[in-house]
Amino acid sequence: MNEMFVVFGQSLCEPCANAELARRESGKEKIPVGSVTRQVDPTICFRCKNDHGDLALASVSTLPVCEPCHSFVMHHPFPVWVKASFAALVALAVVSFAHNYRFFAAYAEVQQATRAIKSQQLPRAWSLMESAAQHVPEDAELQSAASFYHGLQLMQEGHFADAAELLRRCRQAHPESPVIGQLLLKAEGAAAFEQQDYDAMLAKQLALMRMLPEDPMAVASVSSAYACKYAVSGEEQFKKESLRYLERARGMAPRDQTQFAEYEVRVHHRLTTREILSPREFEQRYPQGWKAE
Amino acid sequence: MFFIPGWLISIATFPGVIVHEAAHMVFCRLRGVPVFEVCFFRVGNPAGYVIHGDIEDFKTSFLVCVGPFILNSLLCVFFCFPAFVPVRLFNIGDPLSYFMLWLGVSIGMHAFPSTQDAKVLWRAAQKAVKQWHPLAIISFPLVVVIYAANVLRFFWLDYLYGIGVGLVLPQILFKRLL
């Protein structure tokens, strides 16, 4: 008992019951609900198979179970191997997270650095990107990004030669990037100015102007380079070229652009006095501005 | 179409089968439903099963049927989480990370209730809807969705779900939170 089934009125063991049902299904016969029931002896426990004589056991879902088995089916325990495996895998997940924590930290720092750059907080952006690159030194993209941000920071601080060195490394990693190319030319042009190599300065500014033909400041920087060459050599052709590019840049610049206006004043000062001053020196000498007499 | 037999997929993703059956069992225990027999994994069809007692109330029936979807999805995210940043965002992997991703995606792939679960849910909903049980009402379209999802396994929907929950969803959430 408890191992037998009543199938369409016949008492059958499990294999015979399955065979009978398969025969009926292959004959496309319907098996209505209730046509198969388990034969139950209420004195034999369904789970442990112990015969309790004449004692009718309590039933769980119509199946007779003894007291210990009742407790078992109501609180069916998970096998030890399931519990142990789950605990081991959770521990492994924790180990994996600890092992990979640096990637999470680096990713968070990259996101924060991107937001800092958008809000023009360059020192913070560089610091975060540098930290991210240290967390994941094997990621070439991060190293390149950290160099790029550092280069921007150095340019802002006026260390153009060092900035150019870092931007050259970025350029090697991303030769197709126009932004890196433009920044590199700006840094190299400014470094050449500091080193008083005005031929190199002119070459860089001309290259930058070719990349940004519609940018008035790029055109004005060519004028500045020609003004330096005139200041050094005194050759009139350089002065003419300087004025020509300055005129062109003025035609492109918006009327209210203060940056261009100040740039124009410095170029005129250089052409008039043949004295080459950096923007900082010019500001220190002429805090109220300068006008040709 | 790249077809792989179901039993082979079950073997390759056996943690998901185990968790699927464990999820049924968890909700049976939580809701006081007797469990007579459990097979967490075998090579066969079905790859696992839980034989439990009759369920009287519909809410219990719903939870037992839909339990694997809840638990498998949560564990998919949990096990993929430590590994998704290095592998997916930095393209840097190691054996442990790949193992965690396989584990998580395997579990996610078996989140869908089976057609047998859907049948049980349908029968229970037919009775409960007569009392205007709200869960019973939404169960009818849900059963259709479960059947559709099981059919679409042929087109790797279960794999896409595992990848989506384990890798894509955390990436979206991570970006928004940071």
Side-chain angles (χ1 to χ4, degrees), chain A residues 2 33 38 45-48 58-65 69-79 81-83 85-86 88-115 128 132-133 135-142, chain B residues 14-15 18-19 21-22 24-26 28-41 48 50-56 71 75 77-101 103-104 106-107 123 170-171 174-178:
Chain A
N2 294 352
V33 173
R38 189 184 285 273
C45 177
F46 174 77
R47 186 175 168 264
C48 65
S59 61
V60 175
S61 292
T62 73
L63 296 172
V65 284
C69 291
H70 182 272
S71 180
F72 182 89
V73 298
M74 291 308 295
H75 308 284
H76 197 298
F78 284 92
W81 70 267
V82 169
K83 290 191 275 196
S85 304
F86 184 68
L89 290 172
V90 168
L92 206 58
V94 172
V95 166
S96 179
F97 181 71
H99 176 66
N100 289 333
Y101 178 74
R102 61 193 181 100
F103 293 99
F104 288 82
Y107 185 74
E109 283 162 342
V110 166
Q111 296 293 99
Q112 288 165 24
T114 307
R115 279 200 295 275
L128 285 164
H135 275 128
V136 189
E138 64 267 49
D139 189 315
E141 283 288 330
L142 268 183
Chain B
F14 72 90
I18 295 171
V19 173
E21 305 311 328
H24 282 311
M25 199 171 143
V26 162
C28 281
R29 284 186 58 163
L30 286 174
R31 301 296 295 183
V33 177
V35 174
F36 296 111
E37 192 180 332
V38 182
C39 172
F40 288 98
F41 183 80
V50 173
I51 299 176
H52 58 75
D54 296 331
I55 300 176
E56 296 303 323
L71 201 63
L75 287 177
V77 173
F78 177 76
F79 286 117
C80 285
F81 185 72
F84 96 91
V85 169
V87 174
R88 184 157 169 80
L89 301 181
F90 286 92
N91 292 316
I92 296 171
D94 60 86
L96 179 57
S97 295
Y98 289 128
F99 173 79
M100 297 309 297
L101 287 179
L103 180 66
S106 295
I107 291 173
R123 261 186 249 133
Q171 185 178 351
F174 223 56
K175 273 190 176 159
R176 285 192 189 274
L177 287 171
L178 295 174

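A, B, ... follow the sequence lines: proteins, then strands. Residue 1 opens every chain.
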Point to revise | Proximal component of A:H70, with respect to chain B [non-hydrogen, under 4.5 Å] | key: neither

Revision key, fill the gap. Honestly, the part of B:I55 sitting under 4.5 Å from a heavy atom of chain A is neither

Exercise for review: Using the side-chain contact (heavy atoms from CB on, under 4.5 Å) rule, take B:F40 and A:F78 through it: C-alpha gap first, then chi angles, then the decisive distance, then the call.
Suggested key: CA-CA 10 Å; B:F40 288 98; A:F78 284 92; 4.0 Å; yes

Point to revise | Heavy-atom contact with chain A under 4.5 Å, split by part of B:F90 | key: both

Review point. So which part of A:R102 gets closer than 4.5 Å to some heavy atom of chain B, the side chain, the backbone, both or neither?
Key: neither

Check your understanding: What part of A:V90 is in contact with chain B, defined as an atom under 4.5 angstrom from a non-hydrogen atom: side chain, backbone, both or neither?
Key -> both

Point to revise | Parallel, tilted or perpendicular: ring planes of B:F174 versus A:Y107, cut at 30 and 60 degrees | key: parallel

Point to revise | Those residues that, when tested against A:H135, pass side chain to side chain donor-acceptor pair (under 3.5 Å) (two or more places apart) | key: A:E109

Check your understanding: How are the rings of B:F81 and B:F84 set to each other: parallel, tilted or perpendicular (split at 30° and 60°)?
Key -> tilted

Review point. Checking heavy atoms, do the side chain of A:L89, its backbone, both or neither come under 4.5 Å from chain B?
Key: both

**Study point:** Pairwise salt bridge (Lys or Arg N to Asp or Glu O under 4.0 Å) hits with a residue in residues 81-96 of chain B, at least two apart
**Key:** none

Review point. Quick one: what part of A:F86 sits under 4.5 Å from any heavy atom of chain B, side chain, backbone, both or neither?
Key: side chain

Point to revise | Whether over 12 other heavy atoms sit under 6.0 Å from B:Y98 OH | key: yes

Review point. Considering only heavy atoms, which portion of B:V19 lies under 4.5 Å from any heavy atom of chain A: side chain, backbone, both, or neither?
Key: neither

Check your understanding: Would you call B:R31 and B:E56 a salt bridge, using N to O less than 4.0 angstrom?
Key -> no

Revision key, fill the gap. When the 4.5 angstrom heavy-atom criterion is applied to A:V60 and chain B, the contacting part is both

**Study point:** Heavy-atom contact with chain A under 4.5 Å, split by part of B:F99
**Key:** side chain

